Amino acid sequence: DLSAQRRDRRRRRRRRRRDGLILWRVSDGLPEDTVQALTESSEGLLWIGTTGGLARFDGTHIQIYGQGTAQPLSVNSIFCVSLGKDGSLWAGTEGGGLLRLRGNTLRVYSASDGLTEGFVRSVFEDDLGRVWVGTDDGLFVLEGERLRRVDQGAIAPMGVHSITEDHDHRIWAGGSRLIAIDPDGHARDVPLPGDYSENTVKRILETRDGTIWVGTVGGLQRMERGRFRTVPGIHATVRSLLQTSDGTLWIGTPPPASPPAACACPCSRRTGCSGSPPPRGVGTAQSRTPLRCTAPAWTRMRTVPAPSLHS
């Protein structure tokens, strides 16, 4: 009816901010305002993992997965989401194991499938189609329909927060420490400079020039001539790393305990913030700033020029 249309228009207007940010919240259909993971399907659908469930967004409407169906999620808090080559959506949960959504079928991997730790922090599919799973206690690889623990025997047990594959098809896994697994299966510990207490790995990225970057709770590390070196000027936990099409490396860190008077605010074209975090939810920066913002917390961004391919 007309009154409902007016309410909807008012709600859409409230989403817009003067700095170009459009924000979606629980009132717009999100299961929770705290967004922990995002991924986009080949069809352009955005999958959103929150502390209160998994949702799908088509650009207009948000649909909570499992709501009113025969297959609701057993655990609502979603740590990570990733899309497989076969179109499967993989989701790591906070205590509920690993989820695979393929078509209308939900498959849950748990201890009975070899996944002995239910807190899944990272899911990664390599070029061979193998699915690697990082948990609070162990690194696993999916073989058939069972998960095999990798960090045992020659590899000491570890917690895993991030997994990636480099151009030589070497698997990097980091968490309580950093390891590299060669294509032949040989694994080795990779030392990081500095104190052990500051070297818990949160994110690993290979940039297009082949450089490996590692974000830790103590800052940022960069591999140079086979050894990692600390990038100066970053003294905070690096939780996210992204290289954009122009070659810039974006580095995401959590908010400081006491926000400074001036900062680089990712949701604004201006430098300088009010000192308070933006509202929680999922947002998109609709401006010339090449950035899409998620706001589970206020995040300061810093850029590091990526080296050229010929440097």
Side-chain angles (χ1 to χ4, degrees), residues 36-43 45 47 49 53-54 56 65-66 69-189 201 204 206:
Q36 302 188 119
L38 294 167
T39 193
E40 185 180 13
S41 73
S42 58
E43 295 84 13
L45 295 174
W47 287 93
L54 179 67
R56 185 176 65 181
Y65 178 79
T69 70
Q71 286 188 302
L73 297 181
S74 57
V75 173
N76 284 331
S77 186
I78 305 296
F79 278 147
C80 60
V81 287
S82 176
L83 282 163
K85 293 180 176 64
D86 65 352
S88 295
L89 178 76
W90 297 92
T93 71
E94 187 179 0
L98 175 67
L99 310 180
R100 180 176 67 187
L101 176 61
R102 184 160 52 184
N104 295 321
T105 303
L106 176 66
R107 169 81 157 89
V108 180
Y109 294 86
S110 59
S112 61
D113 305 294
L115 187 64
T116 54
E117 169 59 57
F119 287 74
V120 176
R121 300 282 182 173
S122 180
V123 183
F124 178 80
E125 184 175 354
D126 66 20
D127 281 349
L128 296 177
R130 297 176 298 182
V131 176
W132 298 81
V133 181
T135 74
D136 278 358
D137 183 20
L139 173 65
F140 298 81
V141 63
L142 186 63
E143 296 177 341
E145 286 297 302
R146 289 194 59 80
L147 287 137
R148 174 177 64 84
R149 184 160 183 171
V150 176
D151 58 327
Q152 54 187 359
I155 309 175
M158 62 184 292
V160 178
H161 286 186
S162 182
I163 308 168
T164 196
E165 180 180 17
D166 66 21
H167 65 281
D168 291 323
H169 303 290
R170 185 180 295 109
I171 298 296
W172 294 82
S176 52
R177 62 183 198 284
L178 179 66
I179 67 169
I181 305 174
D182 294 331
D184 62 4
H186 177 263
R188 58 187 172 88
D189 280 284
V201 176
I204 311 169
E206 182 186 40

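No experiment lies behind these values; they were computed from the predicted model shown.
- Formation of a donor-acceptor pair under 3.5 Å by the Glu165 side chain with backbone atoms of Asp127 is found in this model.
- Note that CG of Leu54 and CG of Asn76 are 10.0 Å apart. Values are rounded to the nearest 0.5 Å.
- Contact between Ile163 and Ser122 at its shortest, heavy atoms only, is N-OG, 3.5 Å.
- Nearest heavy-atom pair, Val160 versus Ala173, reported as atom, atom and distance to 0.1 Å: CG1-CB, 4.3 Å.
- The side-chain contact (heavy atoms from CB on, under 4.5 Å) search around Ser88 returns Asp86, Trp90, Arg100, Arg102, not counting sequence neighbours.
- Remark: Cys80 SG to Leu38 CG distance equals 12.0 Å, nearest 0.5 Å.
- Here the closest heavy-atom approach between residue Glu94 and residue Ser77 is recorded as OE1-OG, 2.6 Å.
- Contact annotation: the side chain of Ser41 never approaches that of Arg56 to less than 4.5 Å [non-hydrogen atoms, C-beta and beyond].
- The two residues Phe79 and Thr93 have their closest heavy-atom pair at CD1-O, 3.5 Å.
- Counting only distance, with no hydrogens or angles, the side chain of Asp184 and the backbone of His186 share a donor-acceptor pair below 3.5 Å.
- Judged by distance alone, with hydrogens and angles left aside, the side-chain atoms of Thr39 form no donor-acceptor pair with the main-chain N or O of Trp47 at under 3.5 Å.
- With hydrogens and angles ignored, the 3.5 Å screen pairs no side-chain donor or acceptor of Asp182 with any backbone N or O of Gly185.
- A donor-acceptor distance shorter than 3.5 angstrom exists from the side chain of Glu125 to the backbone of Lys85, with no hydrogens or angles considered.
- The nearest pair of heavy atoms linking Leu147 to Tyr109 is CD1-CB, 3.8 Å.
- Between Asp137 and Thr116 the shortest side-chain heavy-atom distance does not fall below 4.5 Å.
- Residues passing the side-chain contact (heavy atoms from CB on, under 4.5 Å) test with His167, sequence neighbours excluded: Glu206.
- Atom CG of Leu101 is separated from atom OH of Tyr65 by 4.5 Å, given to the nearest 0.5 angstrom.
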Practice problem: Output, in order, the C-alpha distance, side-chain angles, deciding distance and verdict of side chain to side chain contact (heavy atoms under 4.5 Å, CB included) for Arg148 and Leu142. | Solution: CA-CA 6 Å; Arg148 174 177 64 84; Leu142 186 63; over 6 Å; no

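- Residues forming a side-chain contact (heavy atoms from CB on, under 4.5 Å) with Ile155 (at least two apart in sequence, or on another chain): Val150, Asp151, Arg177, Ile179, Ala187.
- Donor-acceptor pairing under 3.5 Å is lacking for the side chains of Thr135 and Glu117.
- Taking all atoms of both residues into account, the shortest heavy-atom contact from Ile78 to Ala91 is CG2-CB, 4.2 Å.
- Rounding to the nearest 0.5 Å places CZ of Arg121 at 12.5 Å from OG of Ser162.
- Salt bridge absent: Asp113 and Arg146 never bring a charged side-chain N and a carboxylate O closer than 4.0 Å.
- Atoms CG and CE, from Leu139 and Met158 in turn, are 6.5 Å apart once rounded to the nearest 0.5 Å.
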